[in-house]
Engineer: 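Starting off with a structure, shown below.
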Amino acid sequence: MELNCRHVWEFLSGYLDDTLDAAVREDVERHLAHCEVCSAILDSTRNILVLTADDRVFELPVGFSDRLHARLNELIGEEPASPDMTRPDPT
Amino acid sequence: MNDEAENRTELELIAAILGGQKHLYHALVRPVEKKIFMVVLAYVHNPSDAEDIVQEAFLDGYRHLASFRGEARFSSWITTIALNKARARMKRSAAHAEVSLDDAGDEDRAPAVSPALLRDWREIPSEALERNEVRTLIRQAVSELPESYRTVFVLRELEELSGEETAAALGISLALVKVRLHRARIQLQKTLAPALRSATEPHRKNRWPSWS
Ligand SMILES: [Zn+2]
């Protein structure tokens, strides 16, 4: 089936997750092979998702991990078992 | 270092904790605490509320660890506990009376978003994230997503839950997860493709007069 650009955009997410039916996937690929706009949209989306998922983008509030583990310690009711259990968060 | 604990599988750790090595619970929590916080923050949008909820969820997780069956991953089990707490808190809060994440909101019936149109895309390497400006652009774009898209997006892309795990944690259908994830991704491409290109290629700044 001949897809236009708008159709391809609707399949973008499924294409990235590889959840499209084989026939649809082929149609999308055939379109991408000659459409530089859809190819650029796909490449930019993929690139942006990688950047967004990078650990550096979102940060925990300062002291979050210390406060969490201190509260857990109160419940667990044990002295910190070993030094490595209380090491500061590397971030 | 903590190699001994880190090398054990989740189920081995849990067995050891239930067997009396209670302190190993910290080692179970550490690898997932950031992701759980991100998910809850996407839902409640307030860092101090999110922190409270995450603490309570991990405390509950410890209390009820014996009931964890290992059918799900520990992180998706805790996510479900945390999101239930977040939901309960938002129901109590009058400010959120209008918001219901579990219903198909207007967004789901809205016409599809169109991506930003480009003729070419030069790969932005992850080193660009060393720049505060770039990280801020991305955080802003995610936080501006409609709430229901944002939660699905964070569960799938940042916490890396599967579609099925995400559907289960939110109590929505897999089909709805897919729709919301798709729209979140397109929306982010629309916002971020021009913005990141401008930010990383200063000489092209004026090619994108508006990206609203
Ligand atoms: Zn096209």
Side-chain angles (χ1 to χ4, degrees), chain A residues 5-17 19 35-87 89-91, chain B residues 1-5 21-27 29-30 33-34 37-38 41 47-48 50-51 54-55 58-59 62-63 112 114-121 123-124 126 128-130 134-135 138-139 141-142 153-154 157-158 160 163 178-179 181-186 188-189 192-193 196-197:
Chain A
C5 294
R6 276 183 190 281
H7 286 134
V8 170
W9 302 343
E10 282 305 304
F11 292 128
L12 209 69
S13 204
Y15 184 81
L16 288 169
D17 291 334
T19 55
C35 180
E36 58 182 1
V37 172
C38 286
S39 296
I41 291 170
L42 177 70
D43 290 345
S44 58
T45 304
R46 197 186 270 131
N47 193 178
I48 284 163
L49 292 178
V50 169
L51 295 174
T52 304
D54 193 287
D55 253 1
R56 284 168 286 188
V57 174
F58 294 95
E59 288 158 357
L60 286 170
V62 175
F64 170 89
S65 197
D66 292 343
R67 290 189 293 275
L68 170 62
H69 289 273
R71 265 195 89 181
L72 292 176
N73 262 333
E74 286 170 24
L75 177 68
I76 294 171
E78 278 182 3
E79 68 284 2
S82 62
D84 51 62
M85 288 300 169
T86 55
R87 74 189 196 280
D89 204 86
T91 51
Chain B
M1 288 306 288
N2 204 12
D3 292 339
E4 198 200 331
Q21 292 177 269
K22 298 172 177 180
H23 63 275
L24 287 175
Y25 190 62
H26 294 286
V29 168
R30 281 196 195 283
E33 62 192 40
K34 182 174 180 182
F37 177 79
M38 294 312 310
L41 182 62
S48 100
E51 180 165 346
V54 171
Q55 288 182 0
F58 280 120
L59 291 169
Y62 181 79
R63 293 189 191 103
S114 295
L117 303 181
L118 314 157
R119 295 225 157 264
D120 56 79
W121 179 255
E123 178 91 3
I124 297 174
S126 55
L129 295 170
E130 299 298 334
V134 171
R135 295 197 302 274
I138 296 174
R139 278 200 296 268
V142 172
F153 179 81
V154 170
E157 299 283 357
L158 306 187
E160 296 172 319
K178 287 181 178 172
V179 170
L181 178 64
H182 175 72
R183 293 185 171 190
R185 285 166 164 174
I186 298 289
L188 287 179
Q189 190 276 353
L192 285 174
L196 288 176
R197 183 138 91 171

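Just so it is clear: chains get the letters A, B, ... in the order the sequence lines come, proteins before strands, and each one is counted from 1. Source: prediction; values computed, not measured.
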Engineer: Evaluate the criterion side chain to side chain donor-acceptor pair (under 3.5 Å) for residue pair B:Ser114 and A:Arg6; output intermediate values, then yes/no.
Structural biologist: CA-CA 8 Å; B:Ser114 295; A:Arg6 276 183 190 281; 3.2 Å; yes
Engineer: So, for B:Ile186 and A:Trp9, which heavy atoms are closest and what is the spacing to 0.1 Å?
Structural biologist: CD1-O, 4.2 Å
Engineer: When rounded to the nearest 0.5 angstrom, what is the spacing between NE2 in B:His23 and CG in A:Asn73?
Structural biologist: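 That separation rounds to 11.0 Å.
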Engineer: Measuring from B:Gln189:CD to A:Arg46:CZ, what's the distance to the nearest 0.5 Å?
Structural biologist: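 The distance works out to 12.5 Å.
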Engineer: Locate the shortest heavy-atom distance separating B:Ile124 from A:Asn47; write the atom from each residue and the value.
Structural biologist: N-OD1, 2.6 Å
Engineer: Name the member of A:Leu51, A:Asp43, A:Thr52 that forms the most heavy-atom pairs with chain B at distances under 4.5 Å.
Structural biologist: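 Option with the greatest count: A:Leu51.
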Engineer: Given 3.5 Å as the limit, does a donor-acceptor pair link the side chain of B:Lys34 with the main chain of A:Phe58, or not?
Structural biologist: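 Here the side-chain-to-backbone pair exists.
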Engineer: Give the member of A:Val50, A:Leu16, A:Leu12, A:Asp17 that has the highest number of heavy-atom pairs under 4.5 Å with chain B.
Structural biologist: A:Asp17
Engineer: Name the region of B:Leu158, side chain, backbone, both or neither, that has any atom closer than 4.5 Å to a heavy atom of chain A.
Structural biologist: side chain
Engineer: Under a 4.5 Å heavy-atom cutoff, which of B:Arg63, B:Arg139, B:Lys178 has the most pairs with chain A?
Structural biologist: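 Among the listed options, the one with the most contacts to chain A is B:Arg139.
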Engineer: Applying side-chain contact (heavy atoms from CB on, under 4.5 Å), can you list everything that pairs with A:Leu68, at least two apart in sequence or on another chain?
Structural biologist: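 Expected list: A:Phe64, A:Leu72, B:Val29, B:Glu33, B:Gln55, B:Phe58.
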Engineer: As an exercise, state the distance from OG of A:Ser65 to CZ of B:Arg30, rounded to the nearest 0.5 Å.
Structural biologist: 4.5 Å
Engineer: For chain A, which candidate among B:Arg135, B:Glu160, B:Arg185 shows the most heavy-atom pairs at distances under 4.5 Å?
Structural biologist: B:Arg185
Engineer: Is A:Val37 close to chain B through its backbone or its side chain, or both, or neither, when contacts mean heavy atoms under 4.5 Å?
Structural biologist: both
Engineer: Any chance you could measure A:Arg71, atom CZ, to B:Glu51, atom CD, to the nearest 0.5 Å?
Structural biologist: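 CD of B:Glu51 is found 9.5 Å from CZ of A:Arg71.
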Engineer: Between A:Gly14, A:Pro61, A:Cys5, A:Ser44, which residue shows the highest count of heavy-atom pairs closer than 4.5 Å to chain B?
Structural biologist: A:Ser44
Engineer: I'd like to verify something: which residue of B:Pro115, B:Gly163, B:Ser48 has the highest number of heavy-atom pairs under 4.5 Å with chain A?
Structural biologist: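 Most heavy-atom pairs under 4.5 Å with chain A: B:Pro115.
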Engineer: Please report the closest heavy-atom contact between A:Ala40 and B:Trp121, naming both atoms and the distance.
Structural biologist: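 Answer, listing the atom of A:Ala40 first, then B:Trp121: O-CB, 3.9 Å.
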Engineer: Can you name the salt bridge (charged side-chain N to carboxylate O under 4.0 Å, His left out) partners of A:Asp54, sequence neighbours left out?
Structural biologist: A:Arg56
Engineer: In terms of heavy-atom proximity below 4.5 Å to chain A, should B:Leu59 be classed as side chain, backbone, both, or neither?
Structural biologist: both
